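These numbers come from a predicted model, not from an experiment.
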Amino acid sequence: MKRKVPLPEEMAKTYDVPNVEKALYQWWEEEGYFKPVDDESKKTFVISMPPPNVTGILHLGHAITSSVEDALTRYHRMLGDATLWVPGADHAGIATQNVVERELAKNGISRQELGREKFVQEVWAWKDEYLDRITNQQRSMGVSCDWSRERFTLDDGLSRAVREAFVRLYEKKLIYRGQYLVNWCPRCGTAISDLEVEHEDETAHLWYVRYWTPDHTESMTVATTRPETIMGDTAVAVHPEDERYQHMIGKELVVPVVNRRIKVIADEAVEKEFGTGAVKVTPAHDPTDYEMGLRHGLEFINVMNDDSTMNENAGKFEGQDRFVCRKNLLDDLREAGDLVKIEDLTHSVGHCQRCHTIAEPRISTQWFVRMKPLAKPALEAVRNGSIKIIPERFTKIYFDWLENIRDWCISRQLWWGHRIPVWYCQNCGAEICSREDPTVCPKCGSTNLKQDEDVLDTWFSSGLWPFSTLGWPDQTPDLERFYPISVMETGYDIIFFWVARMVMLGLEMTGEIPFHTIYLHGLVRSEDGKKVSKSMEDAWRYDPLLIVQEYGVDPLRFTLLTSSTPGNDMKLSLSRVEANRNFANKIWQASRFVLGNLGDDPGKYTPSGDPLDPAKLDDAIDRWIVSRYHSLVAEVNRLLSVYQLGEAGRQIYDFLWGEFCDWYIEATKVRLYEGETPAAEQAKNVLIYVLDGTLRLLHPYMPYTTETIWHYLPHQGEALIVASWPQEGPPNANAEANMDALIELVRGIRNARSEYDVEPGRKIAAIIAGHEMTEFLTEQQNVLKSLARIADDRLMLSETLDQVPQKALTLVIGTIECYLPLADLVDLDRERERLGKEAAQLEAEIERSEGLLSNEKFVNKAPEAVVQRERDKIADYQERLGRLRERLGSLD
RNA sequence: GGGCGAAUAGCUCAGCUGGGAGAGCACUUCCCUUACAAGGAAGGGGUCACAGGUUCGAGUCCUGUUUCGCCCACCA
């Protein structure tokens, strides 16, 4: 037996969809709607969810990712594509290790005390809890992803993919191990990649330090911001063409404190203008100096330990923290008279992305990926259009980074992550990189093997995500069918960390592009424009879970989807979420109206799924709304095809509220309240037809609200989530023009009533000459009476008028003349003034149009349609003006 | 040092291929009318940052300037 939708029997009077979100989600999932249809002939549409950090808490960044990806997924599912959205989570090496270490520290336990194996066990134990939390939070956003395919970057399959990728790169010599200068986080105790260093401008000091020649007869002064590295100096460098120092090049100087002799060298990297033009060279602690060290064959002296305390090379400062050492060293120098000068200086300082500790450039043995050979095809794939980036401007950023790419340090001195699959023979020293754990050394046969201690950068496994989640390296049916995936959707802040690396590794490992389209969304900021962070005082206001609690999922989703354009940041405004909650309520109430007017057998109004032809409808207002709806479908299709989700959403909003509710529903009331006339029956069919279709269009944005309402309305099919996307149908220009006139007329009358303080309840009289519009207005006279509050027996409608009432307000709407004899209320002087103003306005408009048309260039060069529009305008305005003048004359 | 983005109503933002400036919130007046007060009706409010240019026509395209934000870069 088919499981029933978990909804109350009756449609509630108030909007309470948030109360059924959970049940609906569960129902969707249990019905299997999130899985791709099992039909090989269908086109596929695939998205890989950017895996959230397993320790993460859902924030607005996740919420926007979820909203965009779910909207795309639902849209394509309704289009009939075999749609797959693959979810998963990231083990997030440093981040997770830090979190668990902190948890353990609460009980006074350190990672070192536990030892590697036990600590990793401990993290795994935590992982389940964390994973549960984050995935539940994601579910709460309504994500329609296939949880049966959920993956975790450290699970067996993905670990195998990581190892396979590593070994392949190793065998192609694209991975190498060596001693180089890397960024080191002393707090995390690991190397980090260039990308993981965040530079910030800080005010600091530039210390001028004097270095003497061994005989203490000559000296040179160098400027440094990091005096604690002095003990690692192995040269002083000047520019080769610096005349001030020519005589010193090649001479020896003595490093303060450690009294080591170094040479003065000449190198073009030195800027003559900066400081004294002489620079201390510390190849083991500075990127520029490192390069110089290589060029000049200098010694590399590391003066710090892993935790950035000074090591034995720092002489008397051994054991001191780098900044304590700095202070003490400066004191010593000052005392010796060799601290010549101190200047203020603003320079950028690198910090660890994860813990914000000042990173230390440091020489160290690490594993690297050779990037240039990988970057080349990745550049080509975007250049030749195989991969498209939206918005396009990020293409240049992608190019710039890849064109100047440097090797990627992938080893981390952590315990939580994929261990590097390399073993060292303790007997012969051989290095063994292998898919399987080796037991004997292939060179000497020794069984004394030791695996490399390091783990891989988290982003290494993320880089394989689009295909590792589909079963790679095995040629699984999923990989066969769903790879390459369709869209890679993520924030622009991780274009280098993740997106570019996926392209490179995807091309290298699978020989194919990993995805066709890269869609980058903007970052969410708080209302005052700051980056939303947990430390913010009013951070709770930007907690998606709390927002959802207060307003529901759909309003938040709709807000996130319609508040910005691709790639642009957005400031989330809660008043907007509230407004969209009101929108959801509006749809609910409108649907209640429709449902409540269908009578005892609503099923007979079930839409067939085929587009209605407005030309075949009897009522002009029906023709109008159907025509407008068809234009909406076409417009939404167009916008979605170019990823303009925001604009499409706004169009649906405007149509539903501003046209369907404000005008169509109001107009149908007249017919519906007449009873079961043929006209009423047609209205019901059209109401359902348009509402059903619009709910479909809105479903990707507001899945819960639309699914719920849809079930109460007569419908075909088992669930909206798997219902078909609306078809485009013919518009009807004539109906739209007629209705536009009616709307303008009603607004004009309402405006006049308001201006003359006619009580809202009072029904007034109206005398109308319809001219060409007479037939239409006659057909719709009851609607007109109802909307404009004209008394039943006091509407005089004819084609022309023999005589018009003196004491009456005058409205001229296109060809329609309308007089409102408001008797005692009408003040002829005031009326003259009002009409005079209107006439003046029309004159100005006519003058403007005539000006345009008298310009030969405009007439010749502008498109015919634009010129014609101006001509039509003049005709229309002149007709109106004529009538106004006539009326003004008759008032005298 | 290079690059990118933003600048539109009091606030938050749209304005997609250049053809008479829009929404939500806030504001004013009125209305609890049988879908909806989470609502309805009618309003007020903008030299589209500035200066040039292209064009018959520029919020939209080009150049420059200013302010803010971001990214990249071996600024000792």
Need one value for [X]: base, sugar-phosphate or nothing, where a base atom within 4.0 Å counts as base even if backbone is also close, heavy atoms only.
X: A:Arg650; result: sugar-phosphate
X: A:Phe394; result: nothing
X: A:Lys763; result: nothing
X: A:Tyr712; result: nothing
X: A:Thr562; result: nothing
X: A:Arg869; result: sugar-phosphate
X: A:Ala579; result: sugar-phosphate
X: A:Glu271; result: base
X: A:Ser564; result: sugar-phosphate
X: A:Arg747; result: sugar-phosphate
X: A:Tyr290; result: nothing
X: A:Pro863; result: base
X: A:Val270; result: base
X: A:Tyr653; result: sugar-phosphate

Among the nucleotides [options], which one has an atom lying closest to any side-chain atom of [X]?
X: A:Asn585; options: B:A38, B:G5, B:C25; value: B:A38
X: A:Trp657; options: B:G15, B:G39, B:U33; value: B:G39
X: A:Phe593; options: B:A35, B:U12, B:C56; value: B:A35
X: A:Thr288; options: B:C4, B:C74, B:A38; value: B:C74
X: A:Gln651; options: B:C16, B:A14, B:G24; value: B:C16
X: A:Lys586; options: B:C36, B:A76, B:G20; value: B:C36
X: A:Gln644; options: B:G43, B:G15, B:A76; value: B:G15
X: A:Glu666; options: B:A35, B:C16, B:A41; value: B:A35
X: A:Thr565; options: B:A35, B:C74, B:G15; value: B:G15
X: A:Asn568; options: B:C13, B:A6, B:C16; value: B:A6

Spacing of A:Thr14 atom OG1 and A:Arg592 atom CZ [to the nearest 0.5 Å]: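 Result: 8.5 Å between the selected atoms.
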
Starting at atom [atom1] of [X], determine the distance to atom [atom2] of [N], rounded to an integer number of angstrom.
X: A:Leu787; N: B:A41; atom1: CG; atom2: C1'; answer: 12 Å
X: A:Lys861; N: B:G57; atom1: NZ; atom2: P; answer: 9 Å
X: A:Leu687; N: B:A35; atom1: CG; atom2: P; answer: 13 Å
X: A:Asp201; N: B:C72; atom1: CG; atom2: P; answer: 13 Å
X: A:Lys571; N: B:U8; atom1: NZ; atom2: P; answer: 10 Å
X: A:Glu578; N: B:A37; atom1: CD; atom2: C1'; answer: 13 Å
X: A:Asp662; N: B:A23; atom1: CG; atom2: C1'; answer: 14 Å
X: A:Leu595; N: B:U34; atom1: CG; atom2: P; answer: 19 Å

At less than 4.0 Å, is any side-chain N or O atom of [X] found next to OP1 or OP2 of [N]? Yes or no.
X: A:Lys13; N: B:A35; result: no
X: A:Arg406; N: B:C74; result: yes
X: A:Asn582; N: B:G24; result: no
X: A:Arg750; N: B:A42; result: yes
X: A:Tyr673; N: B:A35; result: yes

What's the gap between [N] and [M] when it is taken at their [atom1] atoms, as a whole Å value?
N: B:A58; M: B:G18; atom1: P; answer: 13 Å
N: B:U66; M: B:C50; atom1: P; answer: 16 Å
N: B:A49; M: B:C56; atom1: C1'; answer: 27 Å
N: B:A14; M: B:C36; atom1: P; answer: 35 Å
N: B:G59; M: B:A9; atom1: C1'; answer: 14 Å
N: B:G10; M: B:U47; atom1: P; answer: 8 Å
N: B:U54; M: B:A73; atom1: P; answer: 40 Å
N: B:U12; M: B:G19; atom1: P; answer: 27 Å

Does some side-chain heavy atom of [Y] sit less than 4.5 Å from a side-chain heavy atom of [X]?
X: A:Thr225; Y: A:His347; answer: yes
X: A:Leu345; Y: A:Thr203; answer: no
X: A:Asp233; Y: A:Val281; answer: no
X: A:Ile363; Y: A:Val182; answer: no

Ion pair check, A:Lys341 and A:Glu343, cut-off under 4.0 Å: yes

Residues A:Glu744, A:Arg880: salt bridge by 4.0 Å N-O rule: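 Here A:Glu744 pairs with A:Arg880 in a salt bridge, since their nearest N and O are under 4.0 Å apart.
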
A:Lys669 charged N/C atom sitting above A:Phe593 aromatic ring, 6.0 Å / 45°: yes

Answer with yes or no whether [X] presents, from its side chain, a donor or acceptor under 3.5 Å of a partner atom in the base of [N].
X: A:Arg581; N: B:A38; value: yes
X: A:Arg638; N: B:C16; value: yes
X: A:Lys396; N: B:G3; value: no

My understanding is that a pair needs two contacts under 3.5 Å, Watson-Crick or G-U wobble. By that rule, which nucleotide pairs with [N]?
N: B:G22; result: B:C13
N: B:C70; result: B:G3
N: B:C50; result: B:G64

Aromatic ring proximity, centroids under 6.0 angstrom, A:Tyr290 and A:Phe300: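 Aromatic pair counts; centres sit under 6.0 Å.
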
Nearest-nucleotide comparison on RNA chain B, the residue closer to the 5′ end among A:Gly277 and A:Asn597: A:Asn597

Exceeds 12 heavy-atom contacts within 6.0 angstrom, atom CD of A:Glu666: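 Yes, enclosed.
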
